[in-house]
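Beneath this line is the structure, given in structure tokens, with notes to follow.
Computed from a predicted structure; not experimentally measured. Starting from 1, each residue takes its place in the sequence as its number.
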Amino acid sequence: MPQPLSARPWDRLYFYFFMHMVPIMLFVDSAPYIPTALQPAPMAHMHAVYDHTFNDPLQRAQPTWYYLFAMAEFAVQLPLGVWALRALPRDDPLLPLGLGVYAVLAAFTTWVCVGELLMWDEAAFAWESKCRLVPLYAAYGVVFTGMAIHMGCRIKRRLLAAAEMEGGRKGK
């Protein structure tokens with residue numbers, strides 16, 4: 001029987017995380033791919049603040065791999081994030097699978113970005129900027145990695161419980 005969100009502290013944390021993450025994906029991460037004339041004012045403002053604060057060289061240079069990561073974010077992560085906001089309160093049985101897919105993809109792409117930023121040429125990306133941007137990416141990388149591990153453990157627990165029930169039926 002589904003439990004209320006208030007009785008599931010980890011899921012409540014994930015719900016708040018996605019309440020924060022979906023707007024970031026919509027208004028900050030997608031802004032470089034939408035022509036300026038078509039951007040709503042809140043999107044343009046949030047992206048301008050991000051750009052001014054972090055001077056993100058990945059968003060400026062747009063290497064091919066980064067563009068592909070962004071497209072994966074919009075095609076997979078954003079729909080899963082929106083789905084999670086509906087599925088978490090309902091205690092959907094597919095939560096571990098959906099959030100696991102989200103978290104593995106997000107962790108992988110984020111850690112690649114961290115590695116790239118750390119290796120970026122000092123002349124093009126000042127140390128002061130690295131000290132602001134790398135911790136931001138790394139913090140998300142830690143969250144995504146923790147979520148991936150947690151969802152893997154939940155999937156494992158459910159599979160083992162199902163195997164145990166199936167084994168009990170065969171023994172009767």
Is it true that Asp56 and Arg132 have a side-chain N and a carboxylate O under 4.0 angstrom from each other? no
Rounded distance [0.5 Å steps], CD in Glu164 versus CD in Glu166: 12.0 Å
Tyr102 side chain near Tyr14 side chain, heavy-atom distance below 4.5 Å: no
Heavy-atom nearest pair, Pro89 first then Phe15, reads CG-CE1, 3.8 Å
On a heavy-atom basis, the closest approach of Gln77 and Thr109 is OE1-OG1, 4.2 Å
Begin with the C-alpha distance, continue with both residues' side-chain angles, and end with the deciding distance and a verdict on ring-ring contact (aromatic ring centres under 6.0 Å, His included) for Phe144 and Phe108. CA-CA 9 Å; Phe144 298 142; Phe108 172 76; over 10 Å; no
Please check if the side chain of Arg8 supplies one atom and the backbone of Leu88 the other of a donor-acceptor pair under 3.5 Å. yes
If I take atom CG from residue Leu13 and atom CZ from residue Phe18, how far apart are they, to the nearest 0.5 angstrom? 10.5 Å
Testing the basics here: between Ala107 and Thr145, what is the closest heavy-atom pair and its distance to 0.1 Å? CB-OG1, 3.7 Å
Check against side chain to side chain contact (heavy atoms under 4.5 Å, CB included), Trp83 and Leu94: CA-CA 11 Å; Trp83 171 81; Leu94 294 177; 4.2 Å; yes
Evaluate the side-chain proximity of Met43 to Ile34: yes if any heavy-atom separation is below 4.5 Å, no if none is. yes
Pro2 to Asp91 - nearest heavy-atom pair and separation: CA-OD2, 3.5 Å
Of all the heavy-atom pairs spanning Gln59 and Val28, show the shortest one and how long it is. NE2-O, 4.0 Å
Linking I/L/V/M/F/W/Y whenever their side-chain heavy atoms sit closer than 4.5 Å, directly or via other members, would Leu95 and Leu160 fall into one cluster? no
Can a donor-acceptor pair be found between the side chains of Tyr50 and Asp29 at a distance below 3.5 Å? no
Beyond-backbone contact of Tyr33 with Tyr67, side-chain heavy atoms, under 4.5 angstrom: yes
Close side-chain approach of Tyr137 to Leu58, heavy-atom, < 4.5 Å: yes
Evaluate the ring planes of His150 and Trp10, with Trp represented by its six-membered ring, and classify them as parallel (under 30°), tilted (30 to 60°) or perpendicular (over 60°). tilted
Side chains of Arg60 and Pro32 in contact at under 4.5 Å (non-hydrogen atoms): no
Salt-bridge present (Asp92, Arg86; N to O < 4.0 Å): no
I want to check something: taking the side chain as every heavy atom from C-beta on, are His52 and Val49 in contact at a cut-off of under 4.5 Å? no
Gap between atom OG of Ser30 and atom CD of Gln39 - 0.5 Å precision: 7.5 Å
Any donor and acceptor pair, going by atom type alone, linking the side chain of Lys130 with main-chain N or O of Trp120 inside 3.5 Å? yes
Please verify the inter-ring angle class for Trp65 with Phe69; under 30° counts as parallel, over 60° as perpendicular, anything in between as tilted. perpendicular
